[in-house]
Amino acid sequence: MSRQRSMDAILSSEYVTIGELVRLTGTRYSTLKFYTEEGFLPYYQEEQGLTRRYPRKETVERIEYIKSLREDGKTIPQIKEILHEKDNHS
Amino acid sequence: MNNLSLSQEYMMCALNDKGKISTFSLERVIAVAASAVAELLMDEIIELDGKKLSVKKALPKDMCYLSPVYDFIEKKGRVGFKTVVEHFSFTFSNKNIEELFDSIGESLVKAGCAQKEKSGILGSKNAYVPDKKAVDNIIQNIRAEILEDGDLTEDIAALAALLDKTDELMRFFSAYEKKDVKKRLKEIKENPENKEIAKVINYVEELMIIIIISAT
């Protein structure tokens, strides 16, 4: 069993766990889990039952983007559409 | 975005809205001392040989909030786990536990996670009012590890075990989640790959049994 990584280690890591995303962004676990289930946050998982790993930089940016869309009053279905279009054009 | 340690996170969760640990909750007072010992063990600053604790290396500067416990162990040479925890607990008016409470409390203020206030008759004691958002972050982090598939860190397992043994899980987790937390803790203890963390959880459990026996 490993130890919890320091913030410095997390900030220099390519991939992070959902727990580390909680620490990095201050976003609630339930929110991140919901975003993951909705497909808003792409992740990598070696096998079923193993830890999901998120690309740190892209995921933090995406969470900030979703937060800004929420602040602009966008609903979850609207956000889903915006992210879908964004992903298809990139 | 705080980098709190096991003892700091446990204390954040154990403090009430007035910044104190209830004097009626001896388990929580003892768990603060236990979290300090567990943190020193996990960071290999001290070691446990049989039932005796001893210093292994110097206390790093960034862990100076644990100096009351470290200094006590260093002074004693080899000392029982139970003796250390008893020294920093049992009566909250005791200056030893106040020293540890203030030491960790000040570190929380420095980290921007708590606010120092005066309490008690004539304001003779200190209280450390925890920042609600910071407490929520700690709980969200436990949720994110325990309720997800995959790896669990020693720090989170030890913190969850402390919260479980001091009956604080119900303050932060739903009945449904609590069941999952308990199930996960049991799995950790029974997995031979998790020897070290099982040791920490066992320390906590043994301590709580000692408390119950001592208090009756």
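Numbered from 1 within each chain, the chains take letters A, B, ... in sequence-line order.
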Could you check B/L40 against B/V69 for side chain to side chain contact (heavy atoms under 4.5 Å, CB included), going step by step and ending with a plain yes or no?
CA-CA 9 Å; B/L40 290 170; B/V69 176; 3.9 Å; yes
Between B/K116 and B/E106, is the salt bridge (charged side-chain N to carboxylate O under 4.0 Å, His left out) condition met? List the steps.
CA-CA 8 Å; B/K116 189 175 176 179; B/E106 292 290 347; 2.5 Å; yes
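Contact of B/E148 with chain A is made through backbone and side chain together, with heavy-atom distances under 4.5 Å. If you measure heavy-atom distances from B/D43 to chain A, the contacts under 4.5 Å come from both the backbone and the side chain. Contacts between B/I138 and chain A at a heavy-atom distance below 4.5 Å are absent for every atom of the residue. Looking at A/S6, both its backbone and its side chain come within 4.5 Å of chain B, counting heavy atoms on both sides. Only the backbone of A/L50 comes within less than 4.5 Å of a heavy atom in chain B; its side chain stays farther off.
Within a 6.0 Å sphere centred on CD of A/E64, other residues, nucleotides and ligands contribute more than 12 heavy atoms. Within 6.0 Å of CG in A/D72 there are more than 12 heavy atoms belonging to other residues, nucleotides or ligands.
Aromatic ring orientation, A/Y44 versus A/Y15: tilted (interplanar angle from 30° to 60°).
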